[in-house]
Amino acid sequence: MQEVLGLRNMSDLATAEYVVTKIIKANDNQAWYKIGNRKILMSCKASLVAGIDLSKLTEKDIHIDGENITLTLPHAHLLYLDIKPEDIKTAFEDVSVFRSNFSMQEKNDFARQAEKQIRESADSLGIYVTAESNATLFINNFLQKEGFKNISIDFSTTKKPLQ
C-alpha cells in the first residue's frame with residue numbers, strides 16, 4: 001500500500017501536451033461615427049499541458065487483494081497553458097488614413113481573449129482523454145513493476161472539475 005500511496009509524491013503527473021495555434025481576427029469598422037476601417041489578423045501559439053493530480057489519491061481510492069489492485073484516479077485537468085510573447089504575431093494589419101493603429105493594449109486584449117478561448121476549448125481538443133489514457137498506461141506499468149498482476153484503473157465518478 002505504501003508503494004502505491006507513494007504515487008501521491010508525484011503530485012501533478014503531466015501526461016499530455018498539445019501545441020495549438022489560434023487565429024485572431026478583429027475589426028472595428030461597424031460604428032457609424034468612425035470613418036475608415038481597422039482590421040487585424042494575429043496568430044497565437046499556445047502549449048497546453050494536462051495531467052492527473054496524484055496528490056488527491058487516498059487510501060479509499062486503492063483496493064489491494066494479493067496481486068490484484070484497483071485504483072481510482074481523479075480526472076485529468078489542465079496543468080498549465082503557456083503562450084510566449086514571441087509566439088504572438090501580427091500577420092496582417094489594415095488601418096485607413098483617418099484611424100489610429102491598434103495599440104499594444106488592444107493587441108494584448110486580443111491575446112488574452114485568445115487564451116481564454118483556448119482554455120475553454122481544451123476539452124473539445126481531446127487533451128483530457130489523452131492525458132487520462134497516458135496516465136493509465138504510465139501507472140499500469142508502475143504497478144506491474146511493483147508486482148501486481150491484475151490491475152484495474154478507473155477514474156473518479158465525480159464530475160470533472162471546471163478547467
Side-chain angles (χ1 to χ4, degrees), residues 5-58 61 71-143 151 153-163:
L5 283 174
L7 285 169
R8 287 191 297 198
N9 295 335
M10 290 184 187
S11 193
D12 285 331
L13 175 63
T15 56
E17 179 176 12
Y18 283 17
V19 176
V20 298
T21 300
K22 174 78 175 162
I23 302 298
I24 307 157
K25 177 181 160 187
N27 69 58
D28 69 348
N29 57 355
Q30 305 302 320
W32 64 270
Y33 57 87
K34 295 180 181 177
I35 299 172
N37 295 330
R38 270 192 344 154
K39 298 177 185 178
I40 192 166
L41 185 66
M42 297 171 57
S43 68
C44 176
K45 186 169 89 172
S47 176
L48 292 86
V49 175
I52 308 293
D53 184 359
L54 294 174
S55 68
K56 293 182 179 178
L57 272 180
T58 64
D61 297 322
L71 188 63
T72 303
L73 298 174
H75 283 286
H77 67 281
L78 197 60
L79 299 176
Y80 69 87
L81 186 150
D82 184 33
I83 302 174
K84 294 180 177 77
E86 61 269 18
D87 290 334
I88 302 171
K89 297 184 177 10
T90 301
F92 174 79
E93 191 171 355
D94 182 28
V95 180
S96 66
V97 70
F98 297 111
R99 304 292 304 277
S100 60
N101 288 333
F102 285 94
S103 69
M104 190 52 83
Q105 179 62 44
E106 288 173 308
K107 290 179 181 182
N108 288 339
D109 289 343
F110 294 144
R112 271 193 292 284
Q113 182 181 4
E115 178 182 349
K116 181 180 179 221
Q117 290 171 351
I118 291 168
R119 191 175 297 278
E120 290 170 352
S121 69
D123 191 27
S124 66
L125 294 172
I127 192 167
Y128 302 128
V129 172
T130 302
E132 289 178 2
S133 175
N134 291 344
T136 300
L137 290 171
F138 175 83
I139 292 172
N140 190 53
N141 288 337
F142 174 83
L143 294 173
I151 301 166
I153 299 174
D154 298 311
F155 286 87
S156 174
T157 56
T158 59
K159 189 175 179 186
K160 286 186 181 183
L162 293 176
Q163 307 300 321

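The structure presented is a predicted model; accordingly, all values stated were derived computationally and were not measured. Numbers for residues simply follow the sequence, beginning at 1.
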Novice: Any chance you could measure F155, atom CZ, to I52, atom CD1, to the nearest 0.5 Å?
Specialist: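 It is 4.5 Å, given to the nearest 0.5 Å.
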
Novice: Please list, chain by chain and in numerical order, all residues satisfying salt bridge (charged side-chain N to carboxylate O under 4.0 Å, His left out) with K116, sequence neighbours excluded.
Specialist: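 For K116 the salt bridge (charged side-chain N to carboxylate O under 4.0 Å, His left out) partners, ignoring immediate neighbours, are E120.
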
Novice: May I ask you to decide if T15's main-chain N or O and N134's side chain share a donor-acceptor pair within less than 3.5 Å?
Specialist: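 Yes; at least one donor-acceptor contact below 3.5 Å.
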
Novice: How far does SG of C44 sit from CD of E115, to the nearest 0.5 angstrom?
Specialist: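 Answer for the SG-CD pair, C44 versus E115, is 8.0 Å.
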
Novice: For I153 and I151, what are the C-alpha separation, side-chain angles and deciding distance, and is it a side chain to side chain contact (heavy atoms under 4.5 Å, CB included)?
Specialist: CA-CA 7 Å; I153 299 174; I151 301 166; 3.9 Å; yes

Novice: Is a donor from one side chain sitting under 3.5 angstrom from an acceptor on the other, for Y18 and T130?
Specialist: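 The criterion, which ignores hydrogens and geometry beyond distance, is satisfied for T130 and Y18.
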
Novice: Treating E17 as the side-chain partner and S47 as the backbone partner, does any N or O pair qualify as donor plus acceptor under 3.5 Å?
Specialist: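 Flag not set: sc E17 to bb S47 has no pair under 3.5 Å.
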
Novice: How far does CG of D123 sit from CG of L125, to the nearest 0.5 angstrom?
Specialist: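 D123 CG to L125 CG: 8.5 Å, rounded to 0.5 Å.
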
Novice: I'd like to know if the side chain of S156 reaches the main chain of P74, judged simply by a donor and an acceptor atom lying under 3.5 Å from each other, with no hydrogens or angles considered.
Specialist: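 Checking the backbone N and O of P74 against the side chain of S156, no donor-acceptor pair under 3.5 Å is found.
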
Novice: What are the two closest heavy atoms between I23 and S43, and how far apart are they?
Specialist: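 So the two residues come closest at CD1-CB, 4.0 Å.
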
Novice: Taking the side chain as everything from C-beta on, heavy atoms only, tell me whether N37 gets closer than 4.5 Å to V95.
Specialist: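 They are not in side-chain contact.
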
Novice: Roughly how far, to the nearest 0.5 Å, is OG1 of T58 from CG of D61?
Specialist: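 That separation rounds to 3.5 Å.
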
Novice: I need the D94 CG to R99 CZ distance, nearest 0.5 Å.
Specialist: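 That separation rounds to 11.0 Å.
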
Novice: Heavy atoms only: give me the nearest L57-T72 pair and the separation to one decimal.
Specialist: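 Smallest heavy-atom distance, with atoms named: CD2-O, 3.5 Å.
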
Novice: Please name the residue in the list K107, K22, M42 that meets the side-chain contact (heavy atoms from CB on, under 4.5 Å) test with I88.
Specialist: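 Single pass found, and it is M42.
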
Novice: Run the side chain to side chain contact (heavy atoms under 4.5 Å, CB included) test on I83 and K45 for me, step by step, so that the C-alpha distance in whole Å, both residues' side-chain angles and the decisive distance to 0.1 Å come before the verdict.
Specialist: CA-CA 6 Å; I83 302 174; K45 186 169 89 172; over 6 Å; no

Novice: Do the side chains of T90 and L41 get nearer than 4.5 Å, heavy atoms only?
Specialist: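 No - every pair of side-chain heavy atoms lies 4.5 Å or more apart.
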
Novice: Using 4.0 Å as the upper bound for N to carboxylate O, is an ion pair formed by K84 and D87?
Specialist: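 No.
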
Novice: Got I40 and K25 here, is their nearest side-chain heavy-atom distance under 4.5 Å?
Specialist: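 When only atoms from C-beta onward are counted, K25 and I40 do not touch, as no gap falls below 4.5 Å.
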
Novice: For the pair R38 and E106, find out whether any cationic side-chain nitrogen is under 4.0 Å from an anionic carboxylate oxygen.
Specialist: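 The answer is yes: the pair qualifies as a salt bridge.
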
Novice: How far apart are the closest heavy atoms of A46 and I118, and which atoms are they?
Specialist: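 Shortest heavy-atom separation between A46 and I118 comes out as CB-CD1, 3.8 Å.
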
Novice: Do the side-chain N and O atoms of D109 and Q113 include a donor-acceptor pair separated by under 3.5 angstrom?
Specialist: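 No, because no side-chain N or O of D109 sits under 3.5 Å from a partner of the opposite role on Q113.
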
Novice: Looking at OG1 of T136 and CG of L73, how far apart are the two atoms once the value is rounded to the nearest 0.5 Å?
Specialist: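 Answer for the OG1-CG pair, T136 versus L73, is 6.5 Å.
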
Novice: For the residue pair A14 and V49, what are the closest heavy atoms and their distance?
Specialist: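 Heavy atoms of A14 and V49 come nearest at CB-CG1, 3.6 Å.
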
